[in-house]
Amino acid sequence: MGSRGNIQSSNLGDVCDRIRLRFNSRKAFHAQRLLAGKVVLDNGFTTIEKIGGLDLAYSRDRSLGVAVLALIDFQTLELDKCYYSVARTCIPYIPGLLAFREMPPASLLLSRARKLGFMPSIIMVDGHGIAHPRKLGIASHIGVVFDIPTIGVAKKRLVGIEQGDMVVDNETGKVIARIVRRGKKKVYVSIGHKVSLATAVEIVEKTWITGRLPLPTLVADRYTKRLKEILSRVEPGEFGECRYNRLLE
DNA sequence: GCGACAG
DNA sequence: ATCTTGTCGC
């Protein structure tokens, strides 16, 4: 047997191990700076028919991630459709590098949604947009890669200084995010891609009708937690339609 | 060296 | 994010 062995008997580790070994923060930083230069900070759309909410959950051993895209009618705020996708999680959570952990299930999901013609006008992503150390949080990352308008909606601050209802950049002093409150709850809203901060805030305020998050991400979050239950009986790469009918139970 | 640190 | 026990409020 040659030094390379073969696929079946290889003891070089599986694909996830190899992805993990090839990964390093220096290259990740470089990719983020590259993509950050492509972010568009103005509205790249005119009307919103459907708004999407994107969120993820993990199996208890964290080996699998499930991404959910909830499609909501922007006028009636009724749930239209809901899709999910499952993928292995190879990269650990590292502040500032969240996208490298969550992109596999998310990109699988969005590429399928696009192929099937179910891409919404804009997507609300659970995480920051440009309010990020290298101006490319996961919301912006997804927006640029899929060339779709995105809004970053995070529950906690990652960078910047809070001044009232805004978050300003440590160095430039520019506003990088706005804090939207509803009762005791608050979220950090930032530009993801192809949307202005003012419009992003308006969209969050219009869709935040109850709970701790605006409706798109709230619905995605609920489905994501329901789908955790079937993760142990599911193959990575699976794509499907959410099968739960009750929006809020 | 010491804190801060999306999900 | 996930796990987990107890507590507060509608």
Side-chain angles (χ1 to χ4, degrees), chain A residues 23 25 28-29 31-32 35-36 39 53-70 84-107 109-110 123-145 150-162 166-171 176-180 182-193 197 200 204 209-214 216-232 248-249:
Chain A
F23 178 85
S25 53
F29 281 22
Q32 289 182 322
L35 292 176
V39 171
L54 181 68
D55 192 26
L56 278 85
Y58 298 90
S59 56
R60 55 182 312 169
D61 68 359
R62 297 155 180 90
S63 64
L64 290 177
V66 56
V68 165
L69 178 67
Y84 72 91
S85 198
V86 176
R88 294 182 64 180
T89 52
C90 304
I91 307 298
Y93 168 66
I94 303 167
L97 297 177
L98 174 65
F100 293 90
R101 174 173 174 76
E102 305 206 328
M103 274 304 271
S107 60
L109 175 60
L110 295 182
I123 300 177
M124 192 178 287
V125 180
D126 195 329
H128 290 287
I130 63 170
H132 175 277
R134 289 161 297 281
K135 303 278 177 250
L136 195 88
I138 186 168
S140 300
H141 194 130
I142 288 172
V144 169
V145 167
T150 56
I151 300 171
V153 175
K155 295 177 287 297
K156 291 186 291 188
R157 182 188 55 82
L158 176 61
V159 294
I161 302 170
E162 292 189 28
M166 49 192 183
V167 180
V168 299
D169 186 289
N170 272 313
E171 283 82 40
I176 56 176
R178 302 217 72 111
I179 299 173
V180 175
R182 185 183 178 289
K184 176 90 179 182
K185 303 296 181 184
K186 67 174 183 178
V187 292
Y188 297 82
V189 178
S190 59
I191 291 173
H193 185 52
L197 184 54
V204 168
I209 54 183
T210 184
R212 51 166 206 157
L213 292 171
T217 45
L218 181 65
V219 172
D221 176 80
R222 301 189 79 87
Y223 279 116
T224 224
K225 280 165 181 164
R226 297 299 300 276
L227 284 162
K228 273 176 60 180
E229 300 168 13
I230 68 164
L231 279 186
S232 56
L248 300 170
E249 44 180 307

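Chain A is the first sequence line, chain B the second, and so forth, proteins listed ahead of strands; every chain is numbered from 1. These figures come from a predicted structure and were not determined experimentally.
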Round to a whole Å and report the spacing from [atom1] of [X] to [atom2] of [N].
X      : N     : atom1 : atom2 : answer
A:L231 : C:dC3 : CG    : P     : 11 Å
A:H128 : B:dA4 : NE2   : P     : 16 Å
A:I91  : B:dG7 : CD1   : P     : 19 Å
A:I94  : B:dG7 : CD1   : P     : 16 Å
A:N170 : B:dC5 : CG    : C1'   : 13 Å
A:L64  : C:dA1 : CG    : C1'   : 14 Å
A:F100 : B:dG7 : CZ    : C1'   : 15 Å
A:M103 : B:dG7 : CE    : P     : 18 Å

Residue among A:T217, A:I151, A:L110 satisfying side chain to side chain contact (heavy atoms under 4.5 Å, CB included) with A:I123: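 That would be A:L110.
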Atom pair CG (A:L98) and NE2 (A:H128), whose distance is rounded to the nearest 0.5 Å: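 Reported value, rounded in 0.5 Å steps: 9.5 Å.
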According to a strict under-4.0 Å criterion, is [X] in side-chain N/O contact with OP1 or OP2 of [N]?
X      : N     : answer
A:K225 : B:dG7 : no
A:K155 : B:dA6 : no
A:R157 : B:dA6 : no
A:Y93  : B:dA6 : yes
A:R62  : C:dA1 : no

Answer with base, sugar-phosphate or nothing: what part of the nucleic acid does [X] contact at a heavy-atom distance below 4.0 Å?
X      : answer
A:G96  : base
A:L97  : base
A:A131 : nothing

Close aromatic pair by centroid cut-off 6.0 Å: A:F23 and A:F100: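 Under 6.0 Å, so yes.
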Salt bridge present between A:D55 and A:K225 (N-O < 4.0 angstrom):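 Not counted as a salt bridge, because no side-chain N and carboxylate O are separated by less than 4.0 Å.
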Among B:dG7, B:dA6, C:dT4, the one nearest A:I138 by side-chain distance: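 Output: B:dA6.
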Listed nucleotide nearest any side-chain atom of A:D55, set C:dC3, B:dA6, B:dG7: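 Ranking C:dC3, B:dA6, B:dG7 by closest atom to the A:D55 side chain puts B:dG7 first.
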Under 3.5 Å: donor-acceptor pair, side chain of A:S85, backbone of A:A67: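 Between the backbone of A:A67 and the side chain of A:S85 there is no qualifying donor-acceptor contact (under 3.5 Å).
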